[in-house]
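Computed from heavy atoms alone, side chains included, the values below leave out hydrogens, waters and symmetry copies. In the text below, chain A, chain B and the rest are named by the order of the sequence lines, each starting its count at 1.
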Protein chains: 2
Amino acid sequence: MPHRKLIARLQAISGISHDDRAKLERMPYTIKNFAKGDIVARPGERPLSCCVVLSGFLCRQRIVASRNQVTSIYVPGDMPDLHTLHMPVMDRELCSVGDSTIAVVTHSCLRNVLAGSAGLTNAFWRETLIQAEIHREWVDNLGSREALGRVAHLLCEIAARLGSVGLCKEKSFVAPFTQGIIAQACGISVVHMNRTVQEMRRQGLLDWRGHTIELLRRTDLEELAEFNPAYLHVLNSPEKLVLL
Amino acid sequence: MPHRKLIARLQAISGISHDDRAKLERMPYTIKNFAKGDIVARPGERPLSCCVVLSGFLCRQRIVASRNQVTSIYVPGDMPDLHTLHMPVMDRELCSVGDSTIAVVTHSCLRNVLAGSAGLTNAFWRETLIQAEIHREWVDNLGSREALGRVAHLLCEIAARLGSVGLCKEKSFVAPFTQGIIAQACGISVVHMNRTVQEMRRQGLLDWRGHTIELLRRTDLEELAEFNPAYLHVLNSPEKLVLL
DNA sequence: CGCCGTGTTGAAGTGCATCAAGCCATGTGG
DNA sequence: CCACATGGCTTGATGCACTTCAACACGGCG
């Protein structure tokens, strides 16, 4: 199993043992590269492996009511299809947002390792629980906020998640997002997305040019978005000590 | 661990062994009753137990942008706070929709049993993955559909989930939902919810009087909602055989 | 009885979608 | 090197889905 970021995260989340860490590091994997728009997995497929995002971004998406809805965005260190270990069929399309690199680990190999370590099983289980927690935030976001707060919240979340793997210092990060993709994740049209971005610029909350996104006046932005990073700070939490 | 429905479901989902089944049945639990609106767990709490819904309905909710957003609805057989095993802090409020009964099992007891059975660990893990899958459907629903399709989809989902525990035959089920609660889950106002229900009645798709909800012309309804129960049919799927 | 929760209805306002067009940078082929 | 296509951003005009406010009807209940 590759990527120091994933291992570091599992460590932070669940405090895995030295032994387990070694097992992860010994896992065989293969690297795959994707270009913008490439499809990593299709709905209906039954993958025989899971992947870890090494660099770049993936998104999970599907056509709903003639609109492309993005249900998740995955950043380096994430395992977008970890659930296929237990639910064999891909529910939605997995797509590379810009260029990306992933590491692929076979199910059988993963199962072997997990069968031999309750600690790792729990660590991976927790990973999927954090994803569920993120989904609940998205439900709140789409159900209750209007465009400005919605976009602000999503950007805050992405910045926070990138921060925890060292890809966002302070307030700016690099990502190949288009306004269209963020619009599809926020459930609004591209046109209105554009107007919302302009409003955020006008208020001095955002600088987004090309592939660099900068969150300005971050506390104001987070207040506007009602963003509370607690749901992500299961990372680095002191709770890990009392867990098992 | 109580409730035949939960055990039957775990069995169907993951094909647990006779041994594991016995372990579940031997778990000690206590029963709690709640009335409409009672709060089962508060945000910020660190419960020392998990619960199983025995009868009635719970919902997970939170105030977002001055609106109460319902993020999940739990039916008999569900474990609304299973995630507290790994993520100690409740993120949102858990609330009884009508009258309800739950069984409470302590974390320590659950952990003991899970530590002794990889099969059960995987079965419970799968439960949380199904919840995540339901959350993704909600994201699609809130992000892409307008009111009519949204309400239709939610009602189809609830009927299907109730069906899998024998609480919905054919097309009608009993539930203490108000239009207001479904509105809060669908991210629309009560007024518009009411008009949407009337439109569904007008089209002969729905009969909802008091606590009895009847889905009429179900195939038309499911088509309108683009409802595909596959995401719930991990239940009773043949895939369980090739799983582990 | 009077109250309260739920459902229902109308009127007015708004956040957002949709359509349509134009802009700019980048890339590609003749 | 220009002609042209392409993808992303931007802008204006129009329409609609939905919200909000306000009022009323109905039944259950203390």
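Q198(B) places its CD atom 6 Å from the P atom of dT8(C), with the value rounded to the nearest Å. dA17(D) atom P lies 13 Å from atom CZ of R195(B), rounded to whole Å. At whole-Å resolution of the value, CH2 in W208(A) and P in dC9(D) are 7 Å apart. For the pair D207(A) CG and dC9(D) P, the interatomic distance rounds to 14 Å; values are reported in whole Å. Computed from coordinates, the K36(B) NZ to dC29(D) P distance equals 9 Å when rounded to whole Å. If you take CD of E146(A) and C1' of dA17(D), they are 14 Å apart, rounded to a whole angstrom. The separation between Q184(A) atom CD and dG7(D) atom P is 14 Å, rounded to whole Å. H192(A) has its NE2 atom 14 Å from the C1' atom of dT11(D), to the nearest Å.
Q179(A) has a side-chain polar atom (N or O) that falls below the 4.0 Å cut-off from OP1 or OP2 of dT10(D). Applying the 4.0 Å criterion to OP1 and OP2 of dC16(C), one finds that R145(A) has every side-chain N and O outside that range. The side chain of N194(B) contributes an N or O atom lying less than 4.0 Å from OP1 or OP2 of dT8(C).
D140(B) and Q69(A) are not linked by any side-chain donor-acceptor pair at a separation below 3.5 angstrom, with hydrogens and angles left out of the test. A donor and an acceptor atom, one from each side chain of Q198(A) and N194(A), are located under 3.5 Å apart. At a cut-off of 3.5 Å, with distance as the only test, no side-chain donor of T128(B) or H83(B) sits close to an acceptor on the other residue.
In summary, R217(A) and E223(A) do not engage in a salt bridge, as defined by a charged side-chain N under 4.0 Å from a carboxylate O.
Using a 4.0 Å heavy-atom criterion, one finds that G187(A) contacts the sugar-phosphate atoms exclusively. Using a 4.0 Å heavy-atom cutoff across all strands shown, S189(B) reaches at least one base atom of the nucleic acid. Base contact: V191(B) has a heavy atom under 4.0 Å from a base atom.
Aromatic rings of Y74(A) and F57(A) (six-membered ring for Trp) have centroids beyond the 6.0 Å cut-off, not under it.
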